[in-house]
Each structure stands twice: as C-alpha cells, then as structure tokens.
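Keep in mind the model is a prediction, meaning the values are calculated, not measured.
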Amino acid sequence: MRLYLLIIAVLICGFRAAAQDKILVAGSGNPYVSLVDKHTGKVEWQHALEKGEECNTVALTKDGNVLYSYKKGAKVVKWNHEVVWDYRVSDGMELQSATLLRNGGMLLGICGNPAQFVELDKKGKETNKVTFDFGVTKPHSQFRQVFQLKNKNYLVPVMAKQAVMEIDRKGKLVAEHDISGGAFSSLELRDGNLLLPCGDKHYYIIVDRNTGKELKRVTSDDIKGASFWFVAQVLQLNNGNLLICNWDGHTRGAVVDVPQLIEIDGDGKVVWTLNNKQDIDKVSAAYYLEDFRLPASK
C-alpha cells in the first residue's frame with residue numbers, strides 16, 4: 001500500500017512539474033521566439049525567425065497558438081511551426097506591434113504615414129481599421145508596442161515625440177500627455193494609472209491616467225538585486241509583481257552582465273531573474289503563462 005501511494009505521489013509531482021509557469025520571450029536582434037520554463041530558466045521551444053525579421057511583441061492567442069510581429073508583418077504559428085496566417089505590410093511601413101484585444105482578437109499597430117491600427121478576429125479576419133497621422137516622418141521612430149485599454153481605446157507611446165496618446169476605435173485622439181523618456185511600451189495598472197517603460201533612459205515611470213503627471217520614477221537605484229539596461233516591456237503578474245524586459249541591444253558590442261528578465265515585488269525587491277545568454281538572446285517582449293504545459297507537436 002505504501003509503495004502504491006509513493007508511486008502515485010511521484011506521478012502527481014511529475015505532472016505538476018510538467019505544468020510550471022512559462023514565459024514566451026522575443027526581442028529585436030533575437031533570431032528566435034522562445035518558450036522558457038521559469039523554474040529552470042531553460043528553453044523548451046524555439047521558433048526561428050527569418051533573416052531581417054525584428055520581433056518586438058509576442059503573445060498566446062485564445063486558440064493556443066503563438067502570435068508575434070516581425071517588422072514587415074505579423075504571424076500566428078502553431079507549436080509545430082505551421083503558419084496559421086501571415087499578415088504582411090507594404091514597403092515603407094513597419095508592423096511593430098501585434099497584441100491581444102480584450103475580446104480575444106488581435107490588434108496590429110502599423111507604423112507609417114499615416115499609421116494604421118487594425119483589429120482582427122481570432123481567425124485573422126479584419127474587423128476594424130483606423131489611420132492616424134503622428135507627424136513623425138520616419139516610421140521606425142513612431143512606436144513599438146500598442147495595447148488596448150479597458151475602455152477599448154488604443155494606448156500608443158510615441159517615441160520620437162516623447163508622448164503617450166490615447167486613440168479611440170474611430171481614429172480620434174482622446175488624450176495626449178507629454179512624458180519624460182521615449183516610452184517603448186505601456187501597461188494599464190489595476191488602479192487605472194499608466195506604467196511607461198522608457199528604454200535607454202534606464203527607468204520606468206508611472207503617470208496619472210487623467211493628467212499625465214508623473215507620479216513615480218523607478219531606476220536601478222530603487223530596486224534591490226539587479227540593474228536596468230534598456231527598459232522594454234513591463235508586465236504585471238497576477239500576484240502584483242512586475243516582470244521587466246531588460247533589453248541589451250544598444251550596448252554596441254560591450255559585455256553587459258544584466259538579466260534579460262527581472263521580476264520585482266511591490267517593495268521593489270528582485271525576487272527572480274533570467275540571465276541565460278547562452279540559450280536566449282535579447283529580450284524586449286514577453287508573455288507570461290501560468291501553470292502551462294507545452295502542447296505535443298503533431
């Protein structure tokens with residue numbers, strides 16, 4: 001009987017170990033989209049990008065497939081690397097952002113003159129499209145990550161203007177706030193305020209949603225246990241902790257021993273880091289998967 005219970009316990013532990021928290025990671029200059037086991041820091045799956053592709057957003061769709069942008073378009077792929085659909089943009093434009101909508105669809109942010117914001121359903125069919133002129137001539141200087149807010153508007157940090165703009169689904173500018181630093185991404189916090197990671201400024205800021213006033217600035221001096229490089233995407237986990245993508249793509253050949261991912265708690269204490277440059281390259285984008293098991297490839 002004891003032997004039987006021991007076998008059951010081992011099987012249960014093995015089952016649980018197979019369903020640890022995972023993180024999809026990618027980044028400009030990184031030749032792969034990778035799935036990383038948070039517990040071990042090891043890569044469980046990689047999808048190779050084509051030459052010249054630049055990936056700054058990654059996510060898991062409601063269908064369980066991988067969504068990512070690659071500068072000249074966006075793709076959804078299965079875990080066996082089969083392409084579900086491929087949305088390409090014309091020359092002179094950059095598709096830098098492919099994120100999830102609150103209804104389970106997808107939002108594409110296309111840099112151009114004018115820029116475009118395209119909503120797709122889960123099958124890749126276009127359901128809404130608006131254009132907007134940011135007054136920034138170079139598409140590459142416009143934006144990277146665009147997310148839909150709880151009110152269904154789009155939040156766009158415009159790097160060249162050092163501003164964050166809220167645009168509705170009809171293409172109307174709802175709010176614009178000047179900010180310090182060229183924000184790479186944004187995060188709508190649970191209290192409604194905005195967290196803006198400011199890239200090469202090596203900090204992130206929290207601003208008042210209604211006024212744009214800076215409420216807080218967090219630098220390497222304010223956290224305990226790691227240093228910031230280019231502060232890219234920041235995610236808020238279900239436990240309230242922040243997961244920070246610490247991109248090192250502007251080091252110009254210098255050896256920078258900083259983690260690729262940094263998790264901090266509410267007190268600013270580092271509780272976990274990922275520093276595996278042998279298997280994982282630059283990380284500017286991430287998507288957190290709780291209690292996730294890699295599906296079997298067919």
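- In this structure, a donor-acceptor pair under 3.5 Å is present between the side chains of Asn241 and Glu263.
- The shortest side-chain heavy-atom distance between Leu187 and Tyr204 does not fall under the 4.5 Å cut-off.
- A continuous path of ILVMFWY side-chain contacts below 4.5 Å connects Leu49 to Leu108, so both sit in one hydrophobic cluster.
- Between Phe143 and Phe134, some side-chain heavy-atom pair lies under the 4.5 Å cut-off.
- Asp267 places no side-chain N or O within donor-acceptor distance of the main-chain N or O of Lys269, the cut-off being under 3.5 Å.
- At least one side-chain heavy atom of Tyr68 sits less than 4.5 Å from a side-chain heavy atom of Val77.
- A distance-only check finds a donor-acceptor pair linking the side chain of Lys72 to the backbone of Met93 [under 3.5 Å].
- The distance from atom CD of Glu176 to atom CD1 of Ile167, rounded to the nearest 0.5 Å, is 9.0 Å.
- No donor-acceptor pair under 3.5 Å is formed between the side chain of Asn246 and the backbone N or O of Ile262.
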* Asked: Could you walk me through whether Tyr288 and Asn238 pass the side chain to side chain contact (heavy atoms under 4.5 Å, CB included) check?
  -> CA-CA 10 Å; Tyr288 199 86; Asn238 284 336; over 6 Å; no

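- In this structure, Val130 and Tyr154 have side chains that are in contact, with non-hydrogen atoms separated by less than 4.5 Å.
- Only one option out of Lys170, Lys125, Arg169 pairs with Glu119 in a salt bridge (charged side-chain N to carboxylate O under 4.0 Å, His left out); it is Arg169.
- No side-chain donor-acceptor contact under 3.5 Å links Gln236 to the backbone of Leu242.
- Formation of a donor-acceptor pair under 3.5 Å by the Gln260 side chain with backbone atoms of Asp281 is found in this model.
- When all heavy atoms of Ala183 and Met159 are compared, the pair lying nearest together is O-CG, 3.4 Å.
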* Evaluation steps, side chain to side chain contact (heavy atoms under 4.5 Å, CB included), between Leu100 and Met106 -> CA-CA 4 Å; Leu100 299 183; Met106 292 156 282; 4.1 Å; yes

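- A distance of 8.0 Å separates CZ of Arg209 from NE2 of His177, quoted to the nearest 0.5 Å.
- Leu194 is not listed as a side-chain neighbour of Ser186, based on a closest heavy-atom distance of 4.5 Å or more.
- Using cut-offs of 30° and 60° for the angle between ring planes, the Phe292 and Trp79 rings count as tilted.
- Glu44 has a carboxylate O that lies under 4.0 Å from a charged side-chain N of Lys22, or vice versa, which qualifies the two as a salt bridge.
- Under the 3.5 Å distance criterion, with hydrogens and angles disregarded, a donor-acceptor pair is assigned to the side chains of Ser284 and Asn56.
- Between Trp45 and His47, the two ring planes are parallel [angle under 30°; tilted spans 30° to 60°].
- Summarising the local packing, NE2 of His81 is surrounded by more than 12 heavy atoms from other residues, nucleotides or ligands at distances under 6.0 Å.
- Of all the heavy atoms in Pro157 and Ser185, the pair that sits closest is CG-O, 3.4 Å.
- Summarising the geometry of Arg102 relative to Gln148, their closest heavy-atom pair is N-OE1, 3.0 Å, with the distance given to 0.1 Å.
- A salt bridge links Lys75 and Glu50; the closest N-O separation between the charged side-chain nitrogens and carboxylate oxygens is under 4.0 Å.
- For Lys201, the NZ atom counts as loosely surrounded, since its 6.0 Å shell holds 12 or fewer non-hydrogen atoms of other residues, nucleotides or ligands.
- Transitive grouping of hydrophobic side chains (ILVMFWY, heavy atoms separated by less than 4.5 Å) brings Val283 and Trp272 into a common cluster.
- Atom NZ of Lys122 sits about 5.0 Å away from atom CG of Asp63, to the nearest 0.5 Å.
- Leu173 and Ile110 fall into different hydrophobic clusters, where Ile, Leu, Val, Met, Phe, Trp and Tyr are joined by side-chain heavy atoms under 4.5 Å apart, directly or via other members.
- Taken from CD1 in Ile23 to CG in Leu237, the straight-line distance is 8.0 Å, to the nearest 0.5 Å.
- A side-chain donor-acceptor contact under 3.5 Å links Ser97 to the backbone of Val146.
- Not a single donor-acceptor pair under 3.5 Å links the side chain of Glu126 to the backbone N or O of Val118.
- Other residues, nucleotides and ligands contribute only 12 or fewer heavy atoms inside 6.0 Å of the NZ atom of Lys138.
- In this structure, Lys78 and Val84 approach most closely via the heavy-atom pair CG-CG2, 3.8 Å.
- The aromatic rings of Phe230 and Phe184 stand perpendicular to each other, their planes meeting at an angle above 60°, with 30° marking the opposite boundary.
- In this structure a side-chain-to-backbone donor-acceptor pair under 3.5 Å is missing from Trp247 to Gly199.
- Contacts of Thr219 classified as side chain to side chain contact (heavy atoms under 4.5 Å, CB included), with partners at least two apart in sequence or in another chain: Tyr203, Arg217, Asp221, Asp222.
- Both Leu195 and Val270 belong to a single network of hydrophobic side chains, linked directly or stepwise wherever heavy atoms of I, L, V, M, F, W or Y lie under 4.5 Å apart.
- For the residue pair Ile280 and Gly41, the shortest heavy atom distance occurs at CD1-O, 4.2 Å.
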* Run the side chain to side chain contact (heavy atoms under 4.5 Å, CB included) check on Thr40 and Gln20 step by step: do they pass? -> CA-CA 9 Å; Thr40 64; Gln20 300 283 353; over 6 Å; no

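- How far CG of Asp21 is from CG of Asp291: 7.0 Å, rounded to the nearest 0.5 Å.
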* Test side chain to side chain contact (heavy atoms under 4.5 Å, CB included) on Ser69 and Gln96 and set out the steps. => CA-CA 6 Å; Ser69 59; Gln96 289 285 1; 5.5 Å; no

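- For Cys198 against Ser180, the heavy-atom pair with the smallest separation is SG-O, 3.4 Å.
- Cluster annotation: Val58 and Leu35 are assigned to the same hydrophobic cluster (Ile/Leu/Val/Met/Phe/Trp/Tyr, side-chain heavy-atom contacts under 4.5 Å, transitive).
- Remark: the Asp86 side chain and the Tyr70 side chain contain an N/O donor-acceptor pair separated by less than 3.5 Å.
- For the pair Phe117/Val156, a side-chain contact is recorded, criterion being any heavy-atom separation below 4.5 Å from C-beta on.
- With hydrogens and angles disregarded, a donor-acceptor distance shorter than 3.5 Å links the side chain of Thr57 to the backbone of Ala98.
- Listed for the Glu166 side chain is no donor-acceptor partner under 3.5 Å among the backbone atoms of Ala175.
- Rounded to the nearest 0.5 angstrom, Thr131 OG1 and Asn113 CG are separated by 11.5 Å.
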